Amino acid sequence: FVMEEARMAVITTVSPNPTDTEHSITTLRTACMISGHDAGVKEIKEDVTNVVHQQHEATRMVAPVHWTCDDVKAWVLKACKGQFACATDKITSAMNGRAFVRLNQANMAQLCGGSKQLGDKMYNAIRNEIAAVDDYMQKRRQEARETAARAKAGNF
């Protein structure tokens with residue numbers, strides 16, 4: 001470019017698909033070279049097994065309020081090493097996650113064959129599940145904010 005007041009904009013697109021990672025990296029490198037900012041480019045590699053594990057964990061961490069009836073039954077079967085398995089036959093098709101988390105301790109006891117102790121335990125277990133998902137989601141949001149802040153500061 002001959003004129004000093006001339007400006008150039010570099011616009012790139014990258015794919016969110018993991019199979020196109022190399023193409024996306026090449027596109028970003030090219031854009032940095034064209035724009036003259038290639039000296040500050042840092043490449044960070046991450047083990048794919050960790051990413052797959054995190055994605056699996058993310059798909060597992062669904063708030064109980066969003067569970068289907070099948071999800072509720074699956075949780076009841078496995079929670080507290082299967083102690084609530086007796087309640088699965090009392091869970092109707094209308095019992096989705098939203099309805100399940102609204103049950104009080106007495107309702108949980110009815111699901112557990114009238115056992116107040118088991119009902120209280122189930123009530124506390126679902127509350128712990130809700131808290132665990134909330135903590136996980138809060139952590140993920142914080143990580144996203146930190147990543148965005150690093151990207152904005154140029155520390156990719």
Side-chain angles (χ1 to χ4, degrees), residues 10-32 40-156:
V10 178
I11 300 172
T12 63
T13 58
V14 295
S15 173
N17 191 347
T19 59
D20 296 328
T21 303
E22 291 301 321
H23 294 292
S24 294
I25 290 172
T26 303
T27 300
L28 293 172
R29 281 189 190 132
T30 304
C32 287
V41 175
K42 297 176 187 171
E43 186 175 328
I44 300 171
K45 295 185 178 187
E46 186 174 351
D47 186 13
V48 176
T49 56
N50 290 340
V51 173
V52 170
H53 176 70
Q54 289 172 355
Q55 288 173 346
H56 175 69
E57 187 176 341
T59 58
R60 184 178 59 82
M61 297 301 275
V62 175
V65 72
H66 299 297
W67 289 350
T68 64
C69 177
D70 290 337
D71 294 332
V72 171
K73 286 182 179 181
W75 180 85
V76 168
L77 280 172
K78 72 175 177 103
C80 294
K81 300 179 181 174
Q83 289 183 357
F84 312 129
C86 61
T88 55
D89 59 336
K90 294 179 183 77
I91 295 175
T92 66
S93 60
M95 180 70 70
N96 61 13
R98 185 170 302 281
F100 187 68
V101 299
R102 288 182 177 169
L103 296 177
N104 59 29
Q105 290 160 306
N107 296 131
M108 295 272 183
Q110 286 178 339
L111 283 178
C112 295
S115 169
K116 181 179 175 357
Q117 183 181 7
L118 208 51
D120 289 348
K121 193 169 187 174
M122 181 187 281
Y123 180 84
N124 292 330
I126 193 63
R127 295 295 171 259
N128 290 339
E129 183 76 20
I130 292 168
V133 172
D134 286 346
D135 289 347
Y136 174 80
M137 296 307 287
Q138 187 174 11
K139 179 182 168 191
R140 301 300 293 164
R141 283 190 293 271
Q142 181 62 31
E143 288 173 359
R145 283 191 293 269
E146 290 170 0
T147 300
R150 281 194 307 273
K152 190 173 182 179
N155 299 328
F156 295 81

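Quick caveat, the model's predicted, so the values are computed rather than measured.
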Can you give me the closest heavy-atom contact between [X] and [Y], atom names plus distance?
X	Y	answer
C112	C86	CA-SG, 4.1 Å
C69	T92	SG-O, 3.2 Å
M95	V72	O-CG2, 3.9 Å
L118	S115	N-OG, 3.1 Å
A125	F84	CB-CE1, 4.1 Å
M122	F100	SD-CZ, 3.9 Å

Note to self: Keeping D71 on the side-chain end and T68 on the backbone end, is there a donor-acceptor pair under 3.5 Å?
What the structure shows: yes
Enter the distance from [X]:[atom1] to [Y]:[atom2] here, rounded to the nearest 0.5 Å.
X	Y	atom1	atom2	value
K73	S93	NZ	OG	7.5 Å
R140	T147	CZ	OG1	8.5 Å
R150	E146	CZ	CD	6.5 Å
R127	N124	CZ	CG	8.5 Å
L28	T13	CG	OG1	9.5 Å
D70	N96	CG	CG	11.5 Å

Notebook entry, point to check: Got a salt bridge between K116 and D120, using NZ or NE/NH1/NH2 to carboxylate O under 4.0 Å?
Noted result: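 Answer for the salt bridge query: yes.
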Next item on the list: State, without any angle test, whether R141 and Q138 hold a side-chain donor-acceptor pair at a distance under 3.5 Å.
Entry: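 Not at all, the side chains of R141 and Q138 share no donor-acceptor pair under 3.5 Å.
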Item checked: Any side-chain heavy-atom pair of V62 and W67 under 4.5 Å ->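 Yes, side chains in contact.
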